[in-house]
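Treat the numbers as computed from the prediction; the structure is a model and nothing was measured. Convention: sequence-line order gives letters A, B, ...; per-chain numbering from 1.
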Amino acid sequence: MFIINCPYCGDRDQTEFSCHGEAHIPRPTETAQMSDDAWGNYVFFRTNPKGYHRERWLHTHGCRRWFNALRHTVTDEFVTTYKIEDPRPPLPTESQTSSDGRQS
Amino acid sequence: MSQSQRLPDELPVGNSIDRGAPLTFTFDGRQYTGYQGDTLASALLANGVRLLGRSFKYHRPRGLIAAGSEEPNALVQLETGAYTEPNTRATSIELYDGLVAKSQNRWPTLGFDVGAVNSMVARFLPAGFYYKTFMWPASMWMTYEKFIRKAAGLGVSPVDDDPDVYHSTYAHCDVLVIGGGPAGIAAATAAANGSARVLLVDENNQLGGALLGTSDNAASLAYRDKALQALKQNNNVKILSRTTVTGYYDYNYLTAIEKVTDHLGPGNGGDAPRQRFWKIRAKQVVIAAGSIERPLVFADNDRPGVMLANAVATYINRYGVLPGNDVVVFTNNDSAYQVALDAASVGATVTVVDTRKNISAEFKASLQQQSIRLFEGHAISSVRGAKGIESVRIMGLSDDGESLHGQAWEIVCTCVATSGGWTPSCHMFSQSGGKLKYEESIAGFIPDTTRAKKSCPNLSAGSCNGVFTTSECVEQGADAGLKAAAAAGKPATSTDVAAFAVNETAQGAIAPLWLVPTVHPVGEGNSKHFHDFQNDVTAADIQLAAREGFVSVEHLKRYTTTGMATDQGKTSNLNALAIMANIQGVSIPEVGTTTFRPPYTPLTFGAVGGQESRELFIQERKTPMHEWHVASGAVFEDVGDWKRPWYFPQTGEDMHAAVQRETLAVRQSVGMLDASTLGKIDIQGKDAVKLLEMVYTNNWQKLAVGSCRYGLMLNEHGMIFDDGVTTRLGENHYHMTTTTGGAARVMSWLEEWLQTEWPEWEVYCTSVTEQWAVMALNGPNARALLQELTDIDVSNDSFPFMTMREGTVAGVPARIYRISFTGEQSFEINVPARYGKHLIEALAEAGKKHELVPYGTEAMHILRAEKGFIIVGQDTDGTVTPHDMDMDWIVSKTKIEYLGNRSQQRTDTSRDKRPQLIGLLTEDPTVVLPEGAHIVAEVHDQPPMPTIGHVTSSYMSPNAGRSIALALLQDGINRKGDTVSLRLMDGTVLQALVTDTVFVDQEGARVRG
Amino acid sequence: MANPVIATPLNEADFSIDGFSVAELDYSGKINLRADFESKHANQSLTKLLGIDCQLAPNTYKTSGDTSVFWLGPNERLVYTNGDVDAMVSQWRNKAGCAAVDVSDYSSVLKLSGPKARDVIASGTPFDIHPEVFSVGDCTQTRFGNATILLSNHSEAPEFQIQVRWSFAEYVFEYIKRVARYV
Ligand SMILES: [Zn+2]
């Protein structure tokens, strides 16, 4: 059971949140001109990595704000959480990864 | 004979029992006496009861092995009736007056067990036997399973409702200390020297751990008492006894079960819960869980009377019970010598059999003083006595430990105290993701590296970390406590932890001996070498697994089932690994360990559920009009979490009659429906209309202030996911309604888009679902009734269909929306929730002369189906587009961007012959199709038949005068006028005509009238 | 016509047990207020109206007279007031960049007091309410059982308030009554 740092409220129990999948997938503009493939990519395809993953969370039972998190899908380590408008944080380097005893 | 094995009061033993407080209890129908402070195990042992159960697979007689929660054998059925609980460990049950317990796994009696024939046919029951024999053919498994469960099953689950109550709660601390032995107490003391919030948890009824079971321990207990006294006076410290940490999860989330009133006996807890489930969040964890002694694996080492050495000491010292008058101590390490001395000092005849040679002179001298015989370099080769050990035979052991030689000695005994060394309890450390390392000097695994320093910070201290003297345990505990408090950001201000200054004997080296040989090779002859007692797994099973290629530790475990019983292999895992290592000729760490999984000890579902049982299991949401519905005799339906009136039966009416009456009344006079559960969202801001344009499929730019419009929401897959009516309240102000079940989903959908995709838009959404109580008036008399109660002119000219007016109703402020889900003249009256009760009472009173009828959700469903109005989630299922619903009229042809737009042109969504919504009229108008019935392309006697659609809604319609149905049918819109076949589950085939979806008032005149 | 009956979600029910009391409070005016409180201009004009600086630290509330302002989110506040809610709402609603909604009837407000109050609340919420991390003047939205609540700390005595949506009020009240006997 995670502790998740809401960028607005601080550390909270996982049960206050819900996860809505991969972050940073902007809705395309000019959708009428899009090919089926391009639209299909937007609607259906996600990266599903084994390793670091940027994902979108909602503080459902708290401030009801959406935010992004950088989480390792194997160790479940939350590297950081950040507001929607914040720039993407860099991925941790290898040496930081190995301190966790696992590889991505 | 009463308490024949209880030691006399004069001896300085039995510090946990109160001889002044005798208790009566019943085991297998016989009455016995014990004392306050006994466990069921110690009380039975005191009464000379050695045979406590039959083993799982071979039905071999079994007795106690341990004195703590690691006990694999002595599982009993505790109590009777609703209070009964299977598989409880006799060693963990505190005795109370009137306790009733039964042995398990035996029929008809413990002494004579029919299933014991399994033991004689053991060569047909090797490891993997069930997999090999019963898993094929798969269809027969159900038949075999019944037999196997009956013959082998452990205890019996209660069938009655649980009469107990349970509590679950959250707890937070800076430092959680698991285990209240010397290391744990020292850790808590050190950690609490500053401002850290410390939680100290121990599974025993009193703290002290290993100190409790040792002899001559007054000084040790005084040391403990002083430390505990100081902890209890510290407001930052909470001590939980009778509490076992059962699971260690991510981010230092740990669960524990506290046995609050179990020790008082059933029904004696008063208001207090039976058990409490703790959900603990700890910044830092100190694991001081102690260690568990391993049995030596020798021939027929499961005979009642063969016990762990420290258990023998514990029964003597804590409970004043001598497990046997003639004791053989069989060991490969020094720790058992004190046990021999303890037994001898209370009058037992003791023999020590040590697999090692060159025993220290100091030990030899102390044995001699007590006239204890010592056999060095010897081992037990066989035992006699099936239901209780009678004697052992010992022989010389070769230096490599592989064979026996020399003269055999027969030693009469009733108890074998065996020690194969100590296994640090790494369960919690391993559950937290930590990696173990093998420590040769103790022949056991100890904690190595933590997996996730960030998410599960912990430290191990004491014997679970591989140190075994009390002074070392105290030192390590204090150190860990200090470090943990500092890491939690609450460093200790002083570092005082009293040193443990009681004399201890130095311990020599262990000589590992994982499998004691016999005169036959292991696996031949009749004797069995058990390592896993509860699952009846022997060394021969491991050999078989190795021969058949199941050498990986995870395969070994599953193939032999070693370590998979309710004790999770606490006493057996290391022996199993070592035996496999020997067979393969590799080191123990090369074999590896299996993963420790929660729960550490079994726990009850009741405790996990806690208070969230019965009416608090799922939240029941109620509207402001709920009391009126109850008073009016409503039968309720669960809609999501809501309790909604389903129908209002009158005297003598069944559901069908009530629903038909209500449905008719709405179209003939007027009905009222509590619509408060509909989701309501207040939308404000200059960009509000941009949001509506994006989330609905139709146009919103030209909606006038005071007007309402129906809208359909799609997800980006192009599929319908909600619908509702939105009203423009002001220039930049809208009131959106959603389905009852979709309210939260729609709210979070709007917020997700606004916050993540269009943050620059100025739009604010606020849920107002419960701000308003809503009563929908439907039917030709609705207007006349409403006009009596309102200051608004509700004539058709001044208040047309799809508009909203504000004013008062029954003297309270109201918004009335003229929208309809029935196709009738309809007014949805919204009043602030505080007036909900007032509104429904006023309407009911004024409605009498208008033949007003309250109706429920079932009539509502029929009324809307008569008009072909869909219910999202009933007629749609997440794979349905507006076109599939024959609702092209609501999809804008002019606007370019809205959610789900592009998916309408995907190859799959735009293809021909998708399932489409149509009406169905059965050939026989009295037959109501079952919802979910399949429309088939061809009818066969037997499935399979190609399905071309299914019924989504189906009712007897009193207004159409016949049954009606809605269905999704491939290419349905083009098939109107066709007759189709439906095949029901019972084989009946029905014919139905494909029609339009509107069954009543096709012109739609009534709603605008 | 007779005066309309006004009902609260729990009809102002209360419950007491040794060391703990809970009671539903009567209605007060409640307004959900949305604005960019970081913007000096927006905040100043709201502050002037309320007499309370709306630029609150996250998860805190402020009280002045009979008015309180709770932080619900970075751009969301909840106002408790005995003033004219209709007038306040229409005044704010028409300000550029602001939104205001009357939510006076949306919820039930429970007052919990007595030495056992912390243990009662800890039975249902994963949020740590130790005074060291949740002191008087703090508030938070969190979970209690399966309900979302607004929890606020009003006194070291201790005294807490739980605000919960109308439809969940009975569930939360029954939950509190049940655990009060167990703690
Ligand atoms: Zn938050």
Report summary line: Whatever's closer than 4.5 Å to a heavy atom in chain B on C:A147 counts as neither
Query raised in the report: Is any NZ, NE, NH1 or NH2 atom of the basic residue among B:K490 and C:E132 found under 4.0 Å from an Asp or Glu carboxylate oxygen of the other?
Result: yes
Requested in this report: Using non-hydrogen atoms and a 4.5 Å limit, figure out which bit of C:D36 sits close to chain B: side chain, backbone, both or neither.
Outcome: backbone
Requested in this report: Mark yes or no for whether B:Q684, through its side chain, and C:A100, through its backbone, hold a donor-acceptor pair below 3.5 Å.
Outcome: yes
Report task. Identify which part of B:F617 has an atom lying under 4.5 Å from any heavy atom of chain C, answering side chain, backbone, both or neither. Result -> backbone
Query raised in the report: Does C:D128 pair with B:R197 as a salt bridge, N-O distance under 4.0 Å?
Result: yes
Requested in this report: Examine whether an atom of B:T769 lies under 4.5 Å from a heavy atom of chain C, and if so say whether it belongs to the side chain, the backbone or both; otherwise answer neither.
Outcome: both
Query raised in the report: At a heavy-atom separation under 4.5 Å, does C:F127 approach chain B through its side chain, its backbone, both, or neither?
Result: backbone
Report summary line: Rounded to the nearest 0.5 angstrom, the NE2-CG distance for C:H130 and B:N236 is 6.0 Å
Query raised in the report: With a 4.5 angstrom heavy-atom cut-off, which part of C:E174 approaches chain B: side chain, backbone, both or neither?
Result: both
**Report entry** Inter-residue atom distance C:Y171.OH - B:Q619.CD, 0.5 Å rounding
**Finding:** 5.5 Å
Query raised in the report: Should the pair C:R178-B:E615 be classified as a salt bridge under the 4.0 Å nitrogen-to-oxygen rule?
Result: yes
Query raised in the report: If you measure from CZ on C:R34 to SG on B:C765, what distance do you get to the nearest 0.5 Å?
Result: 7.5 Å
Report task. Indicate the atoms forming the closest heavy-atom contact of C:Y106 with B:S767, along with that distance. Result -> OH-OG, 2.9 Å
Report summary line: Cut-off 4.5 Å, heavy atoms of chain B, and the answer for C:S104 is both
Report task. Could you check if a side-chain atom of B:E627 sits within less than 4.5 angstrom of a side-chain atom of C:N11, using non-hydrogen atoms only? Result -> yes
Query raised in the report: Which region of B:V812, side chain (C-beta onward) or backbone (N, CA, C, O), has a non-hydrogen atom less than 4.5 Å from a non-hydrogen atom of chain C, or is it both or neither?
Result: side chain
Report summary line: Comparing B:D641, B:D682, B:T677, B:I618 against chain C, the one with the most heavy-atom pairs below 4.5 Å turns out to be B:D682
Query - Which portion of B:S613 sits near chain C, non-hydrogen atoms under 4.5 angstrom - result: both
**Report entry** Any donor-acceptor pair under 3.5 Å from C:D105 side chain to B:R834 backbone
**Finding:** yes
Query raised in the report: Heavy-atom distance under 4.5 Å to chain C: side chain of B:K622, backbone, both or neither?
Result: both
Query - Per-residue contact mode, C:P126 against chain B (heavy atom under 4.5 angstrom) - result: both
Query raised in the report: In terms of heavy-atom contacts, does NZ of C:K116 have more than 12 from other residues, nucleotides or ligands at under 6.0 Å?
Result: yes
Query - Top of B:A272, B:P624, B:P273 for chain C proximity - count of heavy-atom pairs under 4.5 angstrom - result: B:P624
Query raised in the report: So which part of B:H733 gets closer than 4.5 Å to some heavy atom of chain C, the side chain, the backbone, both or neither?
Result: side chain
Query raised in the report: Is a side-chain donor or acceptor of B:R621 paired with a backbone partner of C:R165 at a separation under 3.5 angstrom?
Result: no
Query - B:S676, part contacting chain C, at a heavy-atom distance under 4.5 Å - result: neither
Query - chain C contact via B:D271 - which portion, at a heavy-atom distance below 4.5 Å - result: both
Requested in this report: Could you tell me whether the side chain of B:V768 reaches within less than 4.5 Å of the side chain of C:V101, counting heavy atoms only?
Outcome: yes
Query raised in the report: To the nearest 0.5 Å, how far apart are CD in B:Q771 and OG in C:S107?
Result: 8.5 Å
Query raised in the report: Which of the residues B:K279, B:H172, B:E612 is involved in the greatest number of heavy-atom pairs with chain C at under 4.5 angstrom?
Result: B:H172
Query raised in the report: Which region of B:E762, side chain (C-beta onward) or backbone (N, CA, C, O), has a non-hydrogen atom less than 4.5 Å from a non-hydrogen atom of chain C, or is it both or neither?
Result: side chain
Requested in this report: Could you check if a side-chain atom of C:N75 sits within less than 4.5 angstrom of a side-chain atom of B:Y764, using non-hydrogen atoms only?
Outcome: yes
Query - chain C contact via B:W642 - which portion, at a heavy-atom distance below 4.5 Å - result: side chain
Query raised in the report: Looking only at heavy atoms, which two atoms of C:S123 and B:H167 are closest? And how far apart?
Result: OG-NE2, 2.7 Å
Report summary line: The reported gap from CG in B:L616 to CD1 in C:I176 (rounded to nearest 0.5 angstrom) is 10.5 Å
Query - Engaged part of B:E731 at the chain C interface, taking heavy atoms whose separation is under 4.5 Å - result: neither
